[in-house]
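Report on the structure given below.
Each chain gets a letter, A, B and so on, in the order the sequences are listed, and its residues count up from 1.
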2 protein chains.
Amino acid sequence: MNVSSVRVPGVNQPMCPSRLVLEHVTSRWGVLVLAALLERSYRFSELRRTVGGVSEKMLAQTLQTLERDGFVHRDAKPVIPPRVDYSLTPLGAEAAEQVWGLARWAERRLEAVESARETYDGARSQAAPGPVGQA
Amino acid sequence: MNVSSVRVPGVNQPMCPSRLVLEHVTSRWGVLVLAALLERSYRFSELRRTVGGVSEKMLAQTLQTLERDGFVHRDAKPVIPPRVDYSLTPLGAEAAEQVWGLARWAERRLEAVESARETYDGARSQAAPGPVGQA
DNA sequence: CAGGATCCGTAACGATACTG
DNA sequence: CAGTATCGTTACGGATCCTG
């Protein structure tokens, strides 16, 4: 795969298919769901509480996407009240470890990034004096 | 960092800051820009052509975000017509290799994912008979 | 040529209500 | 409990115009 292999004339056209997989696992809730399931399996609303801040709709949608891609296994027990357990497949565990690795890298370099941001923002406020203006 | 460290009551609240870094580097154009710059430095519209399908606005925005995070170096030469070269900082090279690694993983597992999707889609069409209905 | 400002359509997202 | 359906909002992304 090389960078030029994209194909996006108008809007969200296909582009390279692996890009889609990447977007699924790095999606806002995808990362958190994978990370949570890396530890153990969860039920739906249990997962919802654990992740925190995710709507039912988005959680369901995220789980379906991840299930369709073969990353999570959905175990729906035919009981009343319903009980559904979600867990990682081997492929999903791989995915989870990948994104978790990336997340840990981001965390390790967070200080460097924040430092860079301060430098950047500082340099910009020189050009456009703010409350500290030395006019 | 653990999954519960998120904080998103209403909308796009802060959550864990490393999540932001992750979103920047895995963003739609962020990945492609980093990947492109991994090979060599580029000028603005050169990069625009290389990535393909990115609008001026989004490319500028992506580059600014990446520059602010300390991932890309912006070298604006004071000439007419303007010439601006973009390249990776050491930190940016690290980021690029990380996401590139993830992208390559996605590519390696693409077949497994697509196979999983077929299984998933196939199973669903059993429940809701389509054009192949065996009624 | 590099990019800022503006306008606008789309689609992602969140909240709520409802169903099995 | 585990979702689906609907609706309103928002912000993301693209096209265009314009300036240094």
Side-chain angles (χ1 to χ4, degrees), chain A residues 6-15 19-20 23-24 26-33 37 41-68 72-87 120 124 127-128, chain B residues 6-15 19-20 23-24 26-33 41-68 72-87 124 127-128:
Chain A
V6 267
R7 211 122 296 269
V8 186
V11 280
N12 277 352
Q13 283 316 304
M15 71 182 84
R19 216 23 238 290
L20 275 181
E23 299 206 334
H24 292 169
T26 65
S27 72
R28 165 116 92 169
W29 305 116
V31 183
L32 300 179
V33 167
L37 292 178
S41 69
Y42 279 90
R43 299 181 58 181
F44 186 84
S45 26
E46 196 183 13
L47 194 51
R48 189 156 130 72
R49 278 188 299 272
T50 302
V51 168
V54 63
S55 63
E56 290 181 8
K57 178 186 171 185
M58 288 316 295
L59 181 56
Q61 185 176 302
T62 301
L63 284 168
Q64 280 168 16
T65 302
L66 294 177
E67 187 195 356
R68 192 172 104 100
V72 315
H73 172 66
R74 180 175 182 277
D75 183 22
K77 283 150 188 163
V79 297
I80 293 181
R83 177 186 176 105
V84 182
D85 286 275
Y86 291 94
S87 56
Y120 182 89
R124 295 204 71 199
Chain B
V6 267
R7 209 124 295 271
V8 187
V11 281
N12 276 352
Q13 283 316 306
M15 72 180 84
R19 221 14 244 290
L20 276 180
E23 300 205 334
H24 292 168
T26 65
S27 72
R28 164 117 90 168
W29 305 116
V31 184
L32 301 179
V33 167
S41 68
Y42 279 90
R43 298 182 58 180
F44 186 84
S45 27
E46 198 183 13
L47 194 51
R48 189 155 131 73
R49 278 188 299 272
T50 302
V51 169
V54 62
S55 65
E56 290 181 6
K57 178 187 171 185
M58 290 314 297
L59 182 57
Q61 185 175 301
T62 301
L63 284 168
Q64 280 168 16
T65 302
L66 294 177
E67 187 195 356
R68 192 173 104 98
V72 316
H73 172 67
R74 181 175 182 276
D75 183 22
K77 282 149 189 164
V79 297
I80 295 182
R83 178 190 176 103
V84 182
D85 285 277
Y86 292 93
S87 55
R124 293 206 69 199

Measure the distance from CG on B:D85 to C1' on C:dC1 and round it to the nearest whole Å. 12 Å
What integer distance in Å separates A:R74:CZ from D:dG3:C1'? 8 Å
Can a side chain N or O of A:W29 be found less than 4.0 Å away from OP1 or OP2 on C:dG14? yes
Do B:W29 and B:L59 touch side chain to side chain, with heavy atoms closer than 4.5 Å? no
Axis-to-axis angle across the helix from C:dC1-D:dG20 to C:dG20-D:dC1, five pairs each end, nearest 10 degrees, ~ 40°
Answer whether the closest heavy-atom distance between the side chains of A:L32 and B:R19 falls below 4.5 Å. yes
If only side-chain N and O atoms of B:R43 are considered, is one of them under 4.0 Å from the OP1 or OP2 phosphate oxygen of C:dA2? yes
In whole angstrom, give the distance that lies between atom CG of A:L47 and atom P of D:dG3. 10 Å
Sub-4.0 Å heavy-atom contacts from residues 57-67 of chain B onto DNA chain C, ordered by number: B:K57, B:Q64
About how many Å separate CE of B:M58 and OG1 of B:T65, when rounded to the nearest 0.5 Å? 8.0 Å
At less than 4.0 Å, is any side-chain N or O atom of A:Y42 found next to OP1 or OP2 of D:dA2? Yes or no. no
When you measure from the side-chain N and O atoms of A:S45 to the phosphate of D:dA2, is any distance below 4.0 Å, counting only OP1 and OP2? yes
Nearest whole angstrom, please: distance from the C1' of D:dC12 to the CZ of B:R28. 9 Å
Closest to the B:E56 side chain, choosing from D:dC1, C:dG4, C:dA2: C:dG4
